Every structure is written in structure tokens, then in C-alpha cells.
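No experiment lies behind these values; they were computed from the predicted model shown. What's counted below: heavy atoms across the whole structure, side chains too, no hydrogens, waters or symmetry copies. Along the sequence shown, residues carry numbers from 1.
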Amino acid sequence: NKLDQTVPDPEIQASRRFSVIWLIPIVAALIGIWLAVKAIRETGPTITIVFASAEGLVAGKTEIKYKDVTVGKVETIKLSEDLSQVLVTAAMSPDVAGHLTADTLFWVVRARVAVGEVSGINTLLSGAYIGMSPGTDGKIVHRFEGRKKPPAISRETEGRQFTLRAEQLGSLDIGSPVYYRQVKVGRVTNVNMAEDGTGVMLKIFIEAPYQHQVKRSSRFYNVSGLNMKISADGVRIDTPSLASFLVGGISFFTSGDLQTSPPAGEDQIFTLYDGRDAAN
């Protein structure tokens with residue numbers, strides 16, 4: 001057939017042009033990689049906090065806060081193997097990942113009334129949450145012992161700590177106020193029995209700038225209750241405030257010249273007297 005001889009065979013060539021259809025899986029892969037990297041960056045460490053009780057805590061709901069900013073959330077709550085403690089697992093924000101050192105503090109914030117002060121009232125509506133005080137130095141850890149009570153003084157508060165020794169505690173407790181010239185300048189931060197068992201050791205924190213008023217010659221005395229003295233001059237009532245009358249407190253004064261009196265030493269232990277007359 002002459003027609004078959006004149007028509008050449010078709011030549012098939014592979015197309016070198018990039019097909020638009022391949023853009024879909026490539027874009028999808030890039031989006032998946034971006035989401036994965038974003039999730040890793042936004043995911044902080046997971047920690048475990050050990051508490052004596054899980055009262056007020058709810059898995060998947062209870063938040064961990066620092067300065068009223070949410071920095072974590074409780075994921076699971078379970079009992080320890082010996083059933084003596086509660087293990088709280090929480091996912092933390094990457095913003096605080098570098099501050100989870102051994103001296104980091106955690107405690108449960110609830111409504112509480114102590115030493116004449118009321119705190120945590122907002123938890124009556126929103127529920128309890130875990131408070132946090134970030135660590136300042138040391139190795140990063142992921143397991144912490146939760147405290148029963150919040151710290152009496154925030155780490156950001158400037159001032160200095162002093163040690164007092166008393167024969168008995170009386171009505172004083174953690175949080176009891178400390179006065180200087182009837183001005184509240186600090187509070188009791190810790191109470192322990194003396195090692196020899198013959199007294200009580202108290203830690204007090206004096207806020208700046210009043211810590212400079214504590215000298216080596218300073219005298220501390222208990223102002224709990226109402227101190228009444230009857231003499232020929234009449235009746236003298238000595239109490240710094242109504243709060244100290246109701247819940248107890250400590251006051252101090254410095255004998256001698258304030259300008260020339262040397263500052264208190266780092267290891268100095270002051271005696272806590274029963275009253276101002278005894279201190280004098």
C-alpha cells in the first residue's frame with residue numbers, strides 16, 4: 001500500500017517539563033516538617049512533682065503558675081508504688097525549661113487563712129493550682145518534692161535573713177510579723193527545734209532597706225499578746241499592732257548609736273526575749 005509507505009512511524013519522546021501535580025506532595029511534606037519542628041520547639045520538658053495528697057488537683061486541668069502566668073499543666077496523677085505519695089506529671093513551658101534546677105519550689109495554692117492573712121481566695125472559683133518559684137542555680141532536674149505551704153518570702157524580695165533563739169515558741173509561727181519602731185519590716189520564715197532540744201530556732205527575714213537597722217547590739221523580743229505594766233506613773237500598754245495582739249509578732253531595737261554600731265555578723269544568733277523589759 002503506497003499510503004502506508006509514505007506515512008512515517010510516530011516518534012515518542014519523554015517530556016522534560018516538570019508536572020504541576022508533583023507540587024502537592026512536596027508542599028505537603030514541607031508543611032509536615034514545619035509543623036513537626038514547631039511542635040518540638042513549643043513543647044517543654046515533662047517533670048514529676050511528689051505531693052503528700054492530690055487534694056484539689058485535676059489531671060488535664062490544673063495549671064502551674066509563676067507570677068500568675070501559666071507555665072505548665074498537670075497531665076497525669078497517680079499513686080506511688082507504696083501508696084504513700086502522689087506523683088503528679090506535668091508538661092512545662094519551654095520558657096522555664098532552663099530554670100528547673102534542684103532548688104525550684106512547687107506548692108499547691110488553695111484558699112488559706114494563716115497568721116491573720118487570707119490568701120488564695122480566687123481559687124474558690126477557679127480551683128487550686130500549683131505555684132512555682134524558679135530555681136536560681138544548679139543542675140537541671142525533672143523530679144521535685146512539692147511543699148505543703150508556699151514560701152513565706154519570695155526569692156525576688158530584697159533583704160536579709162537572721163536567726164533567733166528562744167526558750168519556747170509561744171504564739172509565733174511561720175508568717176508572724178517582725179516590727180521595727182512599730183513598722184512591719186519582715187516576718188518569720190522558718191521554725192525548728194534546737195539541736196540540743198533546749199530551745200527553739202527561728203529564721204526571720206527583714207526586707208530592704210530595713211535589714212541595715214539590725215546591728216550586733218540589736219535586741220529582739222516577743223510582742224505576742226498584750227504587755228501591760230502598772231507603776232506609779234500609771235498603766236502602760238505595749239503592743240505594736242492589733243495583728244501582733246491576735247496572732248503574735250517580734251519586735252527589735254538597737255542599743256547605742258546606730259551610726260557607729262557594727263552590723264550583725266553572718267553567723268550571729270540573737271536571743272529572742274519574752275518582752276521588752278527582759279530585752280532591756
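- Side-chain atoms of H142 and I47, non-hydrogen and from C-beta on, do get closer than 4.5 Å to each other.
- Under the 4.5 Å side-chain heavy-atom criterion for Ile, Leu, Val, Met, Phe, Trp and Tyr, F220 and I174 are members of the same hydrophobic cluster.
- Under the 3.5 Å distance criterion, with hydrogens and angles disregarded, no donor-acceptor pair is assigned to the side chains of S133 and R147.
- Listed by chain and number, the hydrophobic cluster partners of I153 are F205, where partners are ILVMFWY side chains within reach of under 4.5 Å, directly or through others.
- To the nearest 0.5 Å, atom CG of residue L83 and atom NZ of residue K78 are 12.5 Å apart.
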Practice task
Show your reasoning for whether salt bridge (charged side-chain N to carboxylate O under 4.0 Å, His left out) applies to R165 and D196.
Solution key: CA-CA 12 Å; R165 181 186 178 96; D196 56 6; 3.4 Å; yes

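- Distance alone, capped at 3.5 Å, is enough to place a donor-acceptor pair between the R216 side chain and the P263 backbone.
- Taking the ring centre of F253 as origin, the terminal cationic atom of R181 falls outside the region bounded by 6.0 Å and 45° from the ring axis.
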Practice task
Before giving the answer on side chain to side chain contact (heavy atoms under 4.5 Å, CB included), spell out for V223 and I250 the whole-Å C-alpha distance, their side-chain angles and the decisive distance to 0.1 Å.
Solution key: CA-CA 5 Å; V223 292; I250 297 172; 5.6 Å; no

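- S261 places no side-chain N or O within donor-acceptor distance of the main-chain N or O of T254, the cut-off being under 3.5 Å.
- Going from atom CG of N192 over to atom CG of L202 covers 9.0 Å, rounded to the nearest 0.5 Å.
- Residues I64 and M92 are in side-chain contact: their nearest non-hydrogen atoms beyond the backbone lie under 4.5 Å apart.
- Remark: S251 OG to R276 CZ distance equals 7.0 Å, nearest 0.5 Å.
- Taking CZ of F252 as the start and NZ of K215 as the end, the distance is 10.5 Å to the nearest 0.5 Å.
- Using a 4.5 Å heavy-atom cutoff, the side chains of L172 and L169 are in contact.
- Counting only distance, with no hydrogens or angles, the side chain of T104 and the backbone of G135 share a donor-acceptor pair below 3.5 Å.
- Note that CD of Q168 is 9.0 Å distant from CG of N222, once rounded to the nearest 0.5 Å.
- Using a distance-only test at 3.5 Å, with no hydrogens or angles considered, a donor-acceptor pair links the side chain of S80 to the main chain of Q85.
- Cluster membership for V74 and Y66, using ILVMFWY side-chain heavy atoms within less than 4.5 angstrom, is shared.
- Residues V200 and I269 do not share a hydrophobic cluster, defined by chaining ILVMFWY side chains whose heavy atoms lie under 4.5 Å apart.
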Exercise for the section: Decide yes or no on ring pair (Phe, Tyr, Trp, His ring centres under 6.0 Å) for Y180 and Y210, but give the supporting numbers first. Expected result: CA-CA 8 Å; Y180 178 68; Y210 305 106; 7.5 Å; no

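- Using a distance-only test at 3.5 Å, with no hydrogens or angles considered, no donor-acceptor pair links the side chain of T271 to the main chain of Y273.
- Within 6.0 Å of CG on D267 lie no more than 12 heavy atoms contributed by other residues, nucleotides or ligands.
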Practice task
List the steps and the verdict of side-chain hydrogen bond (donor to acceptor under 3.5 Å, both in side chains) for T189 and Q161.
Solution key: CA-CA 9 Å; T189 59; Q161 187 167 259; 3.3 Å; yes

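- In this structure, CD on E145 lies 10.5 Å from CD1 on I49, to the nearest 0.5 angstrom.
- In this structure, V188 is a member of the same hydrophobic cluster as V183, with clusters built from ILVMFWY side-chain heavy atoms closer than 4.5 Å.
- Taking the side chain as every heavy atom from C-beta outward, I130 and E63 never approach each other to under 4.5 Å.
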Exercise for the section: Step by step, work out the side-chain hydrogen bond (donor to acceptor under 3.5 Å, both in side chains) result for E156 and S154. Expected result: CA-CA 5 Å; E156 291 79 14; S154 172; 2.3 Å; yes

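- In this structure, the side chains of M132 and L105 stay at 4.5 Å or more apart for every pair of heavy atoms.
- The pair R219-D277 does not meet the salt-bridge criterion, since no charged nitrogen lies less than 4.0 angstrom from a carboxylate oxygen.
- Looking at Y221 and D274, their side chains never come closer than 4.5 Å, going by heavy atoms from C-beta outward.
- Under the 4.5 Å side-chain contact rule for hydrophobic residues, M201 and L164 do not share a cluster.
- A donor-acceptor pair shorter than 3.5 Å can be found between the side chains of K203 and T163.
- In this structure, the side chains of T48 and V88 stay at 4.5 Å or more apart for every pair of heavy atoms.
- By the 30° and 60° cut-offs, the orientation of the rings of F162 relative to F270 is perpendicular.
- With a 6.0 Å cutoff to the six-membered ring centre and a 45° limit on the axis angle, K65 counts as a cation-pi contact of Y129.
- In this structure, the side chain of R160 does not engage the main chain of V214 through any donor-acceptor pair within 3.5 Å.
- Side-chain contact between I140 and T101: present, with at least one pair of heavy atoms (C-beta onward) separated by less than 4.5 Å.
- Side-chain atoms of T70 do not come within 3.5 Å of backbone N or O of G72 as any donor-acceptor pair.
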Practice task
Report the C-alpha distance between I206 and V178 in whole Å, list the side-chain angles of each, state the deciding distance to 0.1 Å, and finish with yes or no for side chain to side chain contact (heavy atoms under 4.5 Å, CB included).
Solution key: CA-CA 8 Å; I206 306 298; V178 178; 3.7 Å; yes

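- Remark: E167 CD is loosely packed, at most 12 non-hydrogen atoms of other residues, nucleotides or ligands lying under 6.0 Å away.
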